[in-house]
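Just follow the structure's listing: the first ligand is 1, and inside any ligand the first atom is 1.
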Amino acid sequence: MNIVVLGPPGVGKGTYAKRLSEILKIPHISTGDMLREEIKKGSELGRKVKGYVERGELVPDEIMIEVIKERISQRDCEKGFILDGFPRTLKQAQALDSITKIDIALNFLAPKEVIIERLSGRRICKRCGAIYHIKNMPPKRPGVCDICGGPLYQREDDKPEVIERRLEVYKNTMKPVEDYYRDKGILITIDASAGVEEVVKSCLKVLKEKGLLSD
Ligand code: AMP
């Protein structure tokens, strides 16, 4: 089952996608995580994309399409995948269709105030990538990952001055992508203002209704 998750930065896509990936046993592919990993490693790709990522701007389509093509051709994607952060432009959506068939696009929505609150409180483990929130999902010890003991940090682009820009970029570029999947009849809107487990439950219900998942 090939799933795309859509929704503004901070709506919780990564968290829902991770839960769904555990339940459905297909990999969660986050292009943002992949790029941050490359930047951390200082690879050629990392050096190319660093400036864009840190400014909250989109990395050029040609680079991203190559990255995703390579990733979904790997063996762990044979039974499907959950794409998080891709496509971000109409061109990427069209390119993705020429590589593989997307079964469903889950579009997570929540009010802007909820999103800003979630983003500015988000903290991530430097070692294992686990996601926390200083208020809604705090670690047991402040600044330390519950899972691996690694240090938690705030993403450069989760700082307030960059958040507004990312939301603006998202709104401008994603409308055609949403329309594209709506026209194909595979865009499903999910209310993401509820708690994580409730949102995940709504997703599973939709997958069953669409015949993509048996009981
Ligand atoms: P995310 O973690 O999904 O919010 O992504 C963080 C940053 O990585 C974005 O602000 C972009 O700079 C870059 N990025 C991730 N995915 C894409 C994509 N599909 N196309 C272009 N840029 C991307």
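- At least one side-chain heavy atom of Y181 sits less than 4.5 Å from a side-chain heavy atom of V4.
- The protein heavy atom nearest to atom 22 (N) of ligand 1 is V59 N, 3.0 Å.
- Annotation: D33 places no N or O atom under 3.5 Å from an N or O atom of ligand 1; distance criterion only.
- Using a 4.0 Å cut-off between a side-chain N of Lys or Arg and a carboxylate O of Asp or Glu, E38 and K41 qualify as a salt bridge.
- At a threshold of 4.5 Å between non-hydrogen side-chain atoms, the residues F108 and L6 do not count as touching.
- On a distance-only criterion, D157 and ligand 1 share no N/O pair closer than 3.5 Å.
- Every atom of ligand 1 is numbered from 1 in the order shown, and the set under 4.0 Å from a heavy atom of M64 is 16 (N), 17 (C), 18 (C), 19 (N), 20 (N), 21 (C).
- For ligand 1, the atoms sitting less than 4.0 Å from at least one non-hydrogen atom of G85 are 16 (N), 17 (C), 18 (C), 19 (N), numbered in the order shown with element in parentheses.
- Checked by atom type, the side-chain pair D97/Y180 shows a donor-acceptor distance below 3.5 Å.
- Nearest to atom 9 (C) of ligand 1 by heavy atom, out of R88, E54, E156, R166, is R88.
- Among protein heavy atoms, atom 16 (N) of ligand 1 sits closest to T31 OG1, 2.8 Å.
- When non-hydrogen atoms are compared, ligand 1 lies under 4.0 Å from the backbone of E57 (N, CA, C, O) but not from its side chain.
- Under 4.0 Å is where a charged nitrogen must lie from a carboxylate oxygen, and between R71 and D76 at least one such pair does.
- Using a cutoff of 4.0 Å between basic side-chain nitrogens and carboxylate oxygens, R166 and E57 are not scored as salt-bridged.
- Looking at ligand 1, you won't find any N or O of L35 less than 3.5 Å from one of its N or O atoms.
- Per-residue contacts place F86 under 4.0 angstrom from the following atoms of ligand 1 (heavy atoms of the residue considered): 19 (N).
- For atom 7 (C) of ligand 1, the nearest protein heavy atom (residue, atom name, distance) is V53 CG1, 4.1 Å.
- Atoms of ligand 1 lying under 4.0 Å from any heavy atom of R36, numbered from 1 in the order shown and given with element: 2 (O), 6 (C).
- Atom numbering of ligand 1 starts at 1 in the shown order; those under 4.0 Å from a heavy atom of Q92 are 18 (C), 19 (N), 20 (N), 21 (C).
- At a 3.5 angstrom cut-off on N or O pairs, P87 does not count as close to ligand 1.
- The side chain to side chain donor-acceptor pair (under 3.5 Å) analysis of residues 99-113, with sequence neighbours excluded, yields the pairs N2-T100, K101-D103.
- Each salt bridge (Lys or Arg N to Asp or Glu O under 4.0 Å) pair with one or both residues in residues 126-139, not counting sequence neighbours, appears once here: E117-K135.
- Ligand 1 is approached by R155 to a heavy-atom distance shorter than 4.0 Å.
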For R88 and D61, what are the C-alpha separation, side-chain angles and deciding distance, and is it a salt bridge (charged side-chain N to carboxylate O under 4.0 Å, His left out)?
CA-CA 9 Å; R88 283 279 234 286; D61 287 335; over 6 Å; no
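- Contact check on E209 versus K205 returns a salt bridge, with a Lys/Arg side-chain nitrogen under 4.0 Å from an Asp/Glu carboxylate oxygen.
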